[in-house]
Amino acid sequence: MVTAKEWLDRIHALHLPQKFKIMNVCGGHERSITMAGLRGALPANVEIVPGPGCPVCVCPEEAVYQAIQIARRESVTVVAFGDMLRVPVNVHKGEIRSLEQAKAAGADIRPIASPLEAVRIAHADSQRQVVFFAAGFETTTAPVAGMLAQGVPDNLSVLLAGRLTWPAVATLLESGQPGFDGLIAPGHVSTVMGPEEWAFVPSKHNIPAAISGFTSESLLAGTYSVLRQLIEGRCFLDNCYPELVRPGGNTTARRHLDEVMEVVDATWRGIGVIPASGFALRERYRDHDASKRFPDYSEAQRKRAGQMPPGCDCARVVLGKIYPDQCYLYGRACTPRTPIGPCMVSDEGACRIWWAGGIRTSRTETVN
Ligand code: SF4
């Protein structure tokens, strides 16, 4: 096996005629790159920019608000993956702005680690409604689909905010200003959906791409592949994670997704609607759709409804337009202890990852 050191040697031996920017679109990739210090080990003219890899960061603000209101106003238990609990919504000072605050105020809100826990909680008290607030990309949404396909108790419903990764990349590429020269495609999404999902990047946009796993070796292999393609004027999708990524992906997971959910246009927080980028429950699962089971608590007149908090540059961080420490609030008002935006809340958020990686100050002198 080629070691990380050997991959780095190969990358440094390349003749790089210009600066190249490579985007990753996975919070797990960004965490591995940051924690291993790979940016500092690469040649100065290779940049790795984090892109749309955090589903919690782009979860619609209105959906978080709705989950908070259901938890507060209905006699229900709301369960969600842990990092959703601290995501802030836009409300007036003194009002409850996160699921965590609603929980502190007495609402029954529980963090879970898997859909099986949601089923177990619903079974434990069949008289009580349980709402599973499920935000995530394909890898998280497929197990939710599997849970519903296998049958759940009547008192369990799902408030779904599932998203597909590739449409955000397609939107960037179609904008005419993608801001990157090559792509490291997400290994875990490719494991579920198949590598074919990323073939459009080289075939339609002439951008080199490589699928990587989460080790330094795999990420550097992907980086090397993309750089070589750029230098040699070639363009293809290289599977650098063949041990898990197979043609067609995980057929069971994909079957569950197809059976339970349909693909719809969907809102990404701070970004807007991206065509065919979200999952919605099919009509035959409407009895388990929390958006139909409970009232709609959205308030159109609510100030900044749907937007990022004031001053928060999460949307541009998610789109790879700026690095986390180019947000003026980074390390000033916004830290993991006092997060302003979702990118500082989620374990997959680039701001939080950079903070955990030891980058503690904003490089911005004035408000941008
Ligand atoms: S540092 Fe905080 S305020 Fe700035 S983009 Fe990140 S989460 Fe938003």
Side-chain angles (χ1 to χ4, degrees), residues 21 23-31 33-35 39 47-65 67-68 80-93 95-101 135-137 161 163 168 171-172 179-180 267-272 274 302-368:
K21 206 166 186 176
M23 178 176 274
N24 77 74
V25 290
C26 169
H29 277 173
E30 181 54 30
R31 179 163 291 277
I33 289 164
T34 301
M35 294 309 169
R39 281 193 179 84
E47 275 190 49
I48 307 274
V49 59
C54 170
V56 169
C57 304
V58 299
C59 178
E61 191 256 4
E62 298 95 325
V64 185
Y65 185 80
I68 293 169
F81 296 122
D83 49 0
M84 278 308 308
L85 268 57
R86 295 186 74 208
V87 173
V89 295
N90 300 315
V91 290
H92 291 294
K93 205 169 179 186
E95 291 180 27
I96 288 177
R97 67 191 295 258
S98 68
L99 286 163
E100 186 179 59
Q101 287 187 2
F137 286 139
R163 296 288 178 270
T171 297
L172 278 172
F180 59 94
T267 301
W268 293 51
R269 186 174 184 175
I271 296 169
I274 297 182
R302 187 165 51 88
K303 198 174 171 191
R304 297 184 67 86
Q307 298 178 36
M308 289 294 179
C312 173
D313 239 338
C314 264
R316 288 206 296 159
V317 170
V318 165
L319 292 174
K321 301 297 182 191
I322 63 168
Y323 289 102
D325 63 348
Q326 289 178 295
C327 169
Y328 179 78
L329 299 179
Y330 182 89
R332 291 188 170 103
C334 187
T335 70
R337 284 174 71 94
T338 56
I340 304 282
C343 298
M344 191 59 93
V345 172
S346 172
D347 286 339
E348 294 183 288
C351 298
R352 189 181 179 102
I353 292 169
W354 278 42
W355 181 273
I359 301 163
R360 296 294 163 90
T361 53
S362 170
R363 60 172 118 153
T364 312
E365 295 301 325
T366 53
V367 180
N368 51 19

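All heavy atoms count here, side chains included; hydrogens, waters and symmetry mates do not. All ligand and atom numbering here is 1-based and tracks the order in the structure.
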message: Give me the nearest non-hydrogen protein atom to atom 2 (Fe) of ligand 1 as residue plus atom name, then the distance to 0.1 Å.
response: C334 SG, 2.3 Å

field: ligand 1 contact on C327 by region, counting heavy-atom pairs under 4.0 Å
entry: side chain

- prompt: Which residue supplies the protein heavy atom nearest to atom 8 (Fe) of ligand 1, what is that atom called, and how far is it?
  reply: C312 SG, 2.4 Å

message: Tell me whether S346 contacts the main-chain N or O of D83 through its side chain, where contact means a donor paired with an acceptor under 3.5 Å.
response: no

message: Under 4.0 Å from a heavy atom of D313: which atoms of ligand 1 are those, numbered in the order shown and with their elements?
response: 5 (S), 8 (Fe)

field: Ligand-side contact atoms (ligand 1) for residue partner Y330, heavy atom cut-off under 4.0 Å
entry: 1 (S)

task: Identify whether the distance between the nearest side-chain nitrogen and carboxylate oxygen of E30 and R39 falls below 4.0 Å.
output: yes

task: Report the nearest protein non-hydrogen atom to atom 6 (Fe) of ligand 1: residue, atom name, distance rounded to 0.1 Å.
output: C351 SG, 2.4 Å

Polar side-chain atom of R302 near backbone of V91 as donor-acceptor pair, under 3.5 Å: no

- request: Confirm or rule out an N/O/S atom of C314, from backbone or side chain, lying less than 2.8 Å from atom 4 (Fe) of ligand 1.
  value: no

- request: For M344, counting its heavy atoms only, list the atoms of ligand 1 lying under 4.0 Å from any of them.
  value: 7 (S)

- prompt: Are W354 and Y330 an aromatic pair by the rule of ring centers under 6.0 Å?
  reply: no

- prompt: Looking only at atom types and distance, does a side-chain atom of S98 sit under 3.5 Å from a main-chain N or O of V87, one as donor and one as acceptor?
  reply: no

Whether R163 side chain and T267 backbone form a donor-acceptor pair below 3.5 Å: yes

